[in-house]
Engineer: 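Below you will find the structure I want to go over with you.
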Amino acid sequence: MHLFGLSPFAAASLIVATASAQTAIQAGEWETTEKTTMEGVQPMPPSSKKVCLKGDEAQLERLLFPTPDEIKQHGCKYEPGAKKAGVLAATLTCPPNDQVPGVTAKAEISYTQTSYQGVGQLEAADKSGTTVKGKSELSGKRLGDCPK
C-alpha cells in the first residue's frame with residue numbers, strides 16, 4: 001500500500017495519527033529513516049528524509065504522524081499506549097475507503113531529546129477482507145540547527 005509515495009507505515013501514520021499529549025524533542029533539522037517489510041511483497045529499500053522542526057513543532061509526533069487537521073479528514077483514531085519514560089507507544093486505526101485499505105498500526109518508539117528508534121507493526125485490510133501485515137523499523141536523529 002503506497003499513499004502519496006510513502007512506505008506503508010508512513011502512509012498509515014499519515015492517515016491515522018494525532019496525539020493529545022505531545023512528546024517534546026529538540027527543535028532543529030532531523031533525519032528520519034524507515035525500513036519496511038510487508039508479507040508477500042518484495043522488500044523495500046530503506047527510506048530517509050530530512051525534516052526541519054521549529055519551536056512548538058518540536059514534538060516526536062510531528063516526525064512520525066501528520067497534523068490533527070490531516071487526521072480529521074480520514075475519520076481515524078489515535079490511542080496512546082501505557083506511559084513510560086522515554087517511550088512513545090500508540091495504536092492507530094483508520095477505516096477503509098474507496099482509495100485506501102483500513103489500517104491498524106501499533107508503534108513503540110524509544111526516544112531522547114535528539115534521537116529515536118523503534119518498531120511499528122502494521123495491518124492493512126481492504127473492503128473485501130484481504131489483509132496484509134508488515135513491520136517498519138523507525139529511527140531518527142537530530143542533525144543540528146535547521147538550514148537557513
Side-chain angles (χ1 to χ4, degrees), residues 1-27 29-113 115-142:
M1 173 187 106
H2 277 272
L3 181 67
F4 309 117
L6 298 174
S7 70
F9 191 79
S13 296
L14 254 182
I15 58 178
V16 296
T18 187
S20 54
Q22 300 289 297
T23 307
I25 56 176
Q26 243 182 50
E29 184 177 29
W30 283 73
E31 181 175 43
T32 65
T33 303
E34 179 174 343
K35 182 178 181 186
T36 301
T37 54
M38 298 294 289
E39 288 179 354
V41 178
Q42 284 284 83
M44 295 172 238
S47 63
S48 66
K49 65 180 178 177
K50 291 182 181 177
V51 179
C52 176
L53 296 179
K54 298 181 180 178
D56 62 350
E57 292 180 330
Q59 315 287 334
L60 182 57
E61 290 82 355
R62 291 301 301 133
L63 293 174
L64 300 171
F65 309 126
T67 67
D69 289 342
E70 292 170 314
I71 303 324
K72 290 178 187 176
Q73 299 172 301
H74 301 281
C76 301
K77 184 178 179 183
Y78 172 90
E79 295 180 53
K83 294 189 186 265
K84 296 185 239 174
V87 177
L88 171 65
T91 299
L92 318 159
T93 56
C94 195
N97 65 36
D98 293 334
Q99 289 81 37
V100 295
V103 175
T104 300
K106 294 182 180 185
E108 186 160 321
I109 309 296
S110 298
Y111 69 93
T112 67
Q113 288 287 302
S115 67
Y116 70 87
Q117 69 178 37
V119 175
Q121 300 290 334
L122 175 69
E123 186 172 302
D126 64 20
K127 286 184 173 184
S128 71
T130 302
T131 300
V132 177
K133 293 182 181 183
K135 174 181 167 182
S136 287
E137 295 174 26
L138 308 165
S139 62
K141 62 183 176 182
R142 184 179 184 277

Engineer: Using the side-chain contact (heavy atoms from CB on, under 4.5 Å) rule, take T32 and E34 through it: C-alpha gap first, then chi angles, then the decisive distance, then the call.
Structural biologist: CA-CA 7 Å; T32 65; E34 179 174 343; over 6 Å; no

Engineer: Restricting to non-hydrogen atoms, name the atom on L53 and the atom on Q59 that form the minimum distance, rounded to 0.1 Å.
Structural biologist: CD1-O, 4.1 Å

Engineer: Does K54 have any salt bridge (charged side-chain N to carboxylate O under 4.0 Å, His left out) partners at least two apart in sequence or in another chain, and if so, which?
Structural biologist: none

Engineer: Return the set of residues passing side-chain contact (heavy atoms from CB on, under 4.5 Å) with S48 (not counting sequence neighbours), or none when no residue passes.
Structural biologist: E31, T33

Engineer: Could you tell me the separation between the OG atom of S47 and the NZ atom of K35, rounded to the nearest 0.5 Å?
Structural biologist: 11.5 Å

Engineer: Report the residues that fulfil side-chain contact (heavy atoms from CB on, under 4.5 Å) with V132, sequence neighbours left out, ordered by chain and then residue number.
Structural biologist: M38

Engineer: Testing the basics here: between A82 and A89, what is the closest heavy-atom pair and its distance to 0.1 Å?
Structural biologist: O-CB, 4.3 Å

Engineer: For residues E123 and T131, report the shortest heavy-atom separation together with the two atoms involved.
Structural biologist: CG-CG2, 3.4 Å

Engineer: How long is the span from the NZ atom in K83 to the CG atom in L88, to the nearest 0.5 Å?
Structural biologist: 9.0 Å

Engineer: For the residue pair Y116 and L64, establish whether any side-chain heavy-atom pair is separated by less than 4.5 Å.
Structural biologist: yes

Engineer: Side chains of K84 and E108: closer than 4.5 Å at any heavy-atom pair?
Structural biologist: yes

Engineer: Who pairs with T112 by side-chain contact (heavy atoms from CB on, under 4.5 Å), at least two apart in sequence or on another chain?
Structural biologist: T114, S115

Engineer: The criterion is side-chain contact (heavy atoms from CB on, under 4.5 Å); which residues satisfy it with A27, sequence neighbours excluded?
Structural biologist: A58

Engineer: Can you list the residues that meet the side-chain hydrogen bond (donor to acceptor under 3.5 Å, both in side chains) rule with T130, with sequence neighbours excluded?
Structural biologist: S128

Engineer: Kindly compute the distance separating NZ (K133) from CD (E39), expressed to the nearest 0.5 Å.
Structural biologist: 6.5 Å

Engineer: So do the side chains of Y78 and C76 get within less than 4.5 Å of each other, counting heavy atoms only?
Structural biologist: no

Engineer: Could you tell me whether Q117 atom CD has more than 12 heavy atoms of other residues or ligands within 6.0 Å of it?
Structural biologist: no

Engineer: If I compare all heavy atoms of A124 with all of P101, which pair ends up nearest, and what's the gap?
Structural biologist: CB-CG, 4.1 Å

Engineer: Are L122 and T36 close enough that some pair of their side-chain heavy atoms sits under 4.5 Å apart?
Structural biologist: no

Engineer: With E57, which residues qualify under side-chain hydrogen bond (donor to acceptor under 3.5 Å, both in side chains), at least two apart?
Structural biologist: none

Engineer: Would you say E61 and T23 are linked by a side-chain donor-acceptor pair, where the criterion is simply a distance under 3.5 Å?
Structural biologist: yes

